[in-house]
There are 2 protein chains.
Amino acid sequence: MTKQEIHQIVSRRSRPAKAPLGRDIIVTTALDLLSRDGLSGLSLRKAAAALDTGPASLYVYFANLGELHTLMLDRALSAVALPAAREGGWRERLTFVLASYLHVLYNGHGLAQLALSTIPTGPNALRLLETLLELLLEGGIDQAVAAWAVDLLVLHVTSVAAEQSVRRDQGYSFGPVIGAINAVSEADYPRIHGLREELLSGGLARFGWGVDVLINGILHAPTLPIATEDIAKPFVKPTE
Amino acid sequence: MTKQEIHQIVSRRSRPAKAPLGRDIIVTTALDLLSRDGLSGLSLRKAAAALDTGPASLYVYFANLGELHTLMLDRALSAVALPAAREGGWRERLTFVLASYLHVLYNGHGLAQLALSTIPTGPNALRLLETLLELLLEGGIDQAVAAWAVDLLVLHVTSVAAEQSVRRDQGYSFGPVIGAINAVSEADYPRIHGLREELLSGGLARFGWGVDVLINGILHAPTLPIATEDIAKPFVKPTE
DNA sequence: ACCTGAACACCGTTCAAGT
DNA sequence: ACCTGAACACCGTTCAAGT
């Protein structure tokens, strides 16, 4: 045995431990990173670096990155404005809350994209959900219908916010989609070609239009969701 | 100068170059990986390894990972069944195409999630879009309305497929969402609590219900999308 | 209880070197 | 034109070691 095989235990520390971090500071820092650099500029390691610590330190507060995302989204949702009770009709107030939700997502740069892949379960998300349910029920919509309808509404708003903020962040009139639609062959796809402008138009205005369409549809929905499970059966697996 | 500083150029090759790969084989291999291991099991490096080559080789065929995703999705969409012309009403055929799209996504394991973050622009995606437009126009729906409506329909179906396939792949009745909804305080969120079963129920049946709601809403939509851009104005930025 | 450094097992992408 | 190995600049997560 040589001396090199006797392992000296030496402290690997180069500085003393700091004061405990806490969830709030981490979430705030991560949201700052997100709104400054977008979704691609956000990582656990970067958040840790911004807090002057190593990535391992954050695992005291979160089980994983997904949990941090969930908390970030819920924190951001605290900015959603709920309507003053009884001011205007239920439909007006419903549109108001959803518009506020739209803008919180649209203004927090990478936030809308994050919302598409993260299902929030924190108090602010629940508060929003509760408010939406309340307004739909006030509108006389059947309970079971209302339960499914909120999903449709929230999804629509989230995806409009995501699509538009992506478009804003990478320059208005470029991107592969716009190119592909504009380049479409008139012979092969006459309707896409003819409607290429309408397919790409709208921007944030799609929000209001979609909400109208959805509410109209919800008002005309069958009271009890029909059992349509069987529609799903007679199809084969893809490319085999 | 020592001898060590005179760099000998030695081949780093350990085997001769293989026959060219080609896009098709790569896409096929990547789709196989996806349906076997799900979205988390898919990477450029794993696809390259499955093809017995290094990751750099694939860059001859794709500019980046996103482009591979787009091609994968379009390839998968070739399995979407289009309805036989004039068989049944337009609404029936519309539901049929969408159901086929639903199942292609649902059956290709990570495919639905991939579809949520990838906007396909290949021929099969365009063919689907063209068909949907055709059916809506056949239904007498205004052109501008139809252009926006396809987006709503496709998004709905994609997200139902994504949500349900995630739920299937991680065990039916678990996950943080289900836990959070079920654990909600009756005092704070009475409506969520009261409707907790309905909020989580439905599965693939939500597809048919949502399509009905959407078509009804589209049929009741104003002929010209209203200018709702201004709804979007009066809100502040989140948490500052 | 929580911070710290280092390591582990990955990523996508680029590049010079080869054929 | 396309394959190949190696490197670059990252990831999220785990772990023993420290306080």
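Residue numbers begin at 1 in each chain, while the letters A, B, ... track the order of the sequences. Remember, it's a predicted structure, so these values are computed and weren't measured experimentally.
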Side-chain ion pair, R206(A) and D151(B), N-O less than 4.0 Å: yes
In plain terms, say whether R23(A) and E67(A) are close enough for a salt bridge, that is, a side-chain N and a carboxylate O under 4.0 Å apart. yes
Within a reach of under 6.0 Å around CD of E197(A), are more than 12 heavy atoms found that belong to other residues, nucleotides or ligands? no
Looking at I119(B), I want to see if its CD1 is surrounded by more than 12 non-hydrogen atoms of other residues, nucleotides or ligands under 6.0 Å. no
Here's a test for you: under side chain to side chain contact (heavy atoms under 4.5 Å, CB included), which of L214(A), V160(A), L132(A) qualifies with L98(A)? L132(A)
Checking contacts here: which listed nucleotide ([options]) is nearest the side-chain heavy atoms of [X]?
X: L21(B); options: dT13(C), dT13(D), dC3(D); value: dC3(D)
X: K46(B); options: dC11(C), dT13(D), dT13(C); value: dC11(C)
X: Y61(A); options: dT13(C), dT13(D), dC3(C); value: dC3(C)

Per the under-4.0 Å heavy-atom filter, residues of residues 36-44 of chain B near DNA chain D come out as none
OP1, OP2 of dT4(D) versus side-chain N and O of T53(B): anything below 4.0 Å? yes
Nucleotide [N], atom [atom2] - distance to [atom1] of [X] in whole Å:
X: F62(B); N: dT14(C); atom1: CZ; atom2: P; value: 15 Å
X: L33(B); N: dC10(C); atom1: CG; atom2: P; value: 14 Å
X: L58(B); N: dC3(D); atom1: CG; atom2: P; value: 9 Å
X: Y59(A); N: dA16(D); atom1: OH; atom2: P; value: 17 Å
X: I26(B); N: dC2(D); atom1: CD1; atom2: P; value: 11 Å
X: D52(B); N: dC2(D); atom1: CG; atom2: P; value: 19 Å
X: R23(B); N: dC2(D); atom1: CZ; atom2: P; value: 11 Å
X: L65(B); N: dT13(C); atom1: CG; atom2: P; value: 6 Å

Which word best sums up how the rings of H156(A) and F207(A) line up, parallel for under 30°, tilted for 30 to 60°, or perpendicular for over 60°? parallel
Considering only atom C1', compute the distance from dC10(D) to dA9(C) and round it to an integer number of Å. 13 Å
When you match V60(A) and A56(A) each to their closest nucleotide on DNA chain C, which lands nearer the 5' end? V60(A)
Complementary nucleotide for dA9(C) - Watson-Crick or wobble, under 3.5 Å: none
Hunt down the Watson-Crick or G-U wobble partner of dA16(C), both distances under 3.5 Å, from any strand shown, or write none. dT4(D)
Between R127(B) and S78(B), do the side chains contain a donor N or O and an acceptor N or O under 3.5 Å apart? no
Of G22(B) and R45(B), the one whose closest nucleotide on DNA chain D sits nearer the 5' end is G22(B)
